[in-house]
Every structure is written in C-alpha cells, then in structure tokens.
Number of protein chains: 2
Amino acid sequence: MNESPVSGTSPEVLESHRKYIGQLEKECPVRAAINVLRGRWKPSILCEIAKGPQRYSEMRKALPQVSAQTMTVQLRELEADGLITREVYAEVPSRVEYQLTPLAESLSEVMVELEAWGERYLTERAQSPSEKPD
Amino acid sequence: MNESPVSGTSPEVLESHRKYIGQLEKECPVRAAINVLRGRWKPSILCEIAKGPQRYSEMRKALPQVSAQTMTVQLRELEADGLITREVYAEVPSRVEYQLTPLAESLSEVMVELEAWGERYLTERAQSPSEKPD
DNA sequence: CGGAATCCTATTTGATACTG
DNA sequence: CAGTATCAAATAGGATTCCG
C-alpha cells in the first residue's frame, strides 16, 4: 500500500539498533545465551528434538499449543543460531527432519542445571506467601 | 486506570491466559528459569548486584543504556521473583540498596555455565560464514 | 506435507517530564 | 535520591488463509 509501513522508523535506525544489540551480546555471553533460548517455545522444541530427529508434523503434535507459524519461526531462528539442522527429503509427501547440532547438545547440559535451578525457584516461590502467586 | 483498556479482550481471557502460563512453567522448570532472566537487562543487573549491595543510582551509572523506568520495572520483577531484596534506609537523601538473595546466588553458578556456553556460541557463530552475522 | 503471507493482539522497552 | 506517569515504539506470538 504505502512505502513506509506502519511507523516512520528508518531502516538506518533499525540497522544501527541491530548492531547495538550485537555489540551488547559480544560483551555479555550470558545475554547471548539467553537470547537464544528466549523464544517462548524454544526450550520445549529443543527438548523434543533432543529425543531424536523430529519431523515438523511430529513436533506440532507434541506441542499442540504452538501455532504453525510460530513453530516455523522458532525453528528457523534455532537453525540460524546453529542449534538445529534442517534436512529436506525429496519424497512424495515432502518430509523435513530437524535434529540437534553438537552446539545444541552442549547447551542441553546447561539446560539440566537450569532445570534444577528452576525447580528450586518454583519451590521457594510456592512457599513464600507474600509474593505474587500468579 | 480504567477497567476495560483499549482492546476488547475480556479480563477472563487474560486471567485464563495467566493461569495457562503459570501451568506451563510448572510443567517446565527450564522455561520458568528462562522467564526469570528474560528481561533484556536482568543478567547485567544481577551481575552488578553480585559485586555487592548496590544503590539505584549506582546501577544507573553502571548501566547507562537502561532507562530509569526500565530499571525500576526490572528491579521490581526481580524482587517479586525472590532474586533480590530491596532495603530502604530512612536517611536524609533517601537511600535504597538492592542485594542478592541466596536463590539468586545459586543462579549465579548456573549463569557461569551459561556464560561459557554463550562464548562457545558466539565463537561458532562468528566462524560459520553462511549464518546471519547480525 | 511443510510451510509463507497477512493481519492482529499482547508484552516489553524506551523517552520525556514530573514528584515526594 | 529514587523513583512515578504518560506516551510511543519495538518485539513476540497467534489466527487465518493460501501455496508448491
């Protein structure tokens, strides 16, 4: 319709913002790691693929809360981040398989620690009465 | 301020959505942990406070990219999540100090692992030429 | 089957100005 | 000093429809 989409933000500003974020990540690997896992479904998706190579449709069945669009986006991002590989088989009903890279496998070990901490966090939060119980 | 904001989303829907998220967290401690660290500045903020009790103004100086509003919001959320304590001293120029709880200290150990992985991730990403270099 | 395109809502963050 | 209020922008995710 119109050449400048919704807002008037120029491409240069967006570009410099991307560089800015990139710079922040270089200075803070923790933030970089968190950004990789930040998508709401990425831990679950990685968890599923960790069980073995998974097809798109299998994952949709395993995670029915995730819409097709979101699933695709998250998979693409994980792929761009080097955590999963995407293999297309030239078969009649087309078939695509995702699997973890070694980089993602090393992340799995950290996720185990993260899970242990998460359990402690959930326990303590459930005990403290003055906090927001959600 | 007003009970029905801008859009027509009913409070019941929002409420059920909150419960839904809460349920997801209970089923996935990893997600719960990531959500706690999900704010863009929270790792940096925790890092600062890990150096010792910090005042609001000290943290604003240490992290000048973070606006006052955002700093306040992130601190409040960390407090609500039981990661930091907020102590107000009744002095003449008012003084507020934040410090880590034991829960946050245990998270620091996980963050060390996360940092190590983040460094590997950044290295591998810098080497692969076909990925988005940002 | 495995998506892409479009549109829409919700959440997060930032900028600016003001306050106890 | 340590915020709060208000407004605006950016980001993330979902719903629906269409495509090779």
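All chains are named by letter (A, B, ...) in the order of the sequence lines, taking the proteins before the strands, and each is independently numbered beginning at 1.
- In terms of the salt bridge (charged side-chain N to carboxylate O under 4.0 Å, His left out) criterion, residue partners of A:Glu91 (sequence neighbours excluded) are, by chain and number, A:Arg95.
- Residues forming a side chain to side chain contact (heavy atoms under 4.5 Å, CB included) with A:Thr123 (at least two apart in sequence, or on another chain): A:Gln127.
- One interatomic measurement links the two molecules: NZ of B:Lys61 to C1' of D:dG3, which rounds to 15 Å at whole-angstrom precision.
- B:Pro102 meets the side chain to side chain contact (heavy atoms under 4.5 Å, CB included) test with A:Arg120; sequence neighbours excluded.
- Residue pairs that meet the salt bridge (Lys or Arg N to Asp or Glu O under 4.0 Å) test with at least one member in residues 50-67 of chain A, sequence neighbours left out, are A:Glu48-A:Lys51.
- The side chain to side chain contact (heavy atoms under 4.5 Å, CB included) search around A:Thr70 returns A:Trp41, A:Val66, A:Ser67, A:Gln74, not counting sequence neighbours.
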All N/O donor-acceptor pairs, side-chain side in residues 109-119 of chain B, below 3.5 Å, sequence neighbours left out:
from	atom 1	to	atom 2	distance (Å)
B:Trp117	NE1	A:Leu103	O	3.1
B:Trp117	NE1	A:Ser106	OG	3.0

Atom pairs, N/O to N/O, protein against nucleotides 4-6 of chain C, distance under 3.5 Å?
from	atom 1	to	atom 2	distance (Å)
C:dA4	OP1	A:Arg76	NH2	3.2
C:dT6	O4	A:Gln69	NE2	3.3

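- Note on B:Trp41: every side-chain N or O is 4.0 Å or more away from OP1 and OP2 of C:dT12.
- Less than 4.0 Å separates DNA chain D from at least one heavy atom of each of the following residues of residues 50-59 of chain B: B:Arg55, B:Tyr56, B:Ser57.
- B:Lys42 has its NZ atom 12 Å from the C1' atom of C:dT11, to the nearest Å.
- Spacing between atom CZ of B:Arg40 and atom P of C:dT11 amounts to 17 Å, rounded to whole angstrom units.
- In this structure, the side chains of A:Leu83 and A:Lys42 stay at 4.5 Å or more apart for every pair of heavy atoms.
- Annotation: side chain to side chain contact (heavy atoms under 4.5 Å, CB included) contacts of B:Val92 (sequence neighbours excluded): none.
- Residue contacts for B:Arg60: at a heavy-atom cut-off of 4.0 Å it reaches no nucleic acid atom on any strand shown.
- For A:Arg86 and A:Glu97, the salt-bridge test fails: no basic side-chain N is under 4.0 Å from an acidic carboxylate O.
- If you check residues 89-98 of chain A against DNA chain C, the residues with a heavy atom closer than 4.0 Å are A:Ser94, A:Arg95, A:Val96, A:Tyr98, listed by number.
- With rounding to whole Å, B:Met71 atom CE is found 13 Å from C:dT13 atom C1'.
- The separation between B:Ile34 atom CD1 and C:dT12 atom P is 15 Å, rounded to whole Å.
- In this structure, B:Asn35 places its CG atom 13 Å from P of C:dT11, rounding to the nearest Å.
- Residue A:Ser67 places no side-chain N or O under 4.0 Å from the OP1 or OP2 atom of D:dA15.
- Here D:dA10 presents its C1' atom at 11 Å from CZ of A:Arg38, a figure rounded to the nearest Å.
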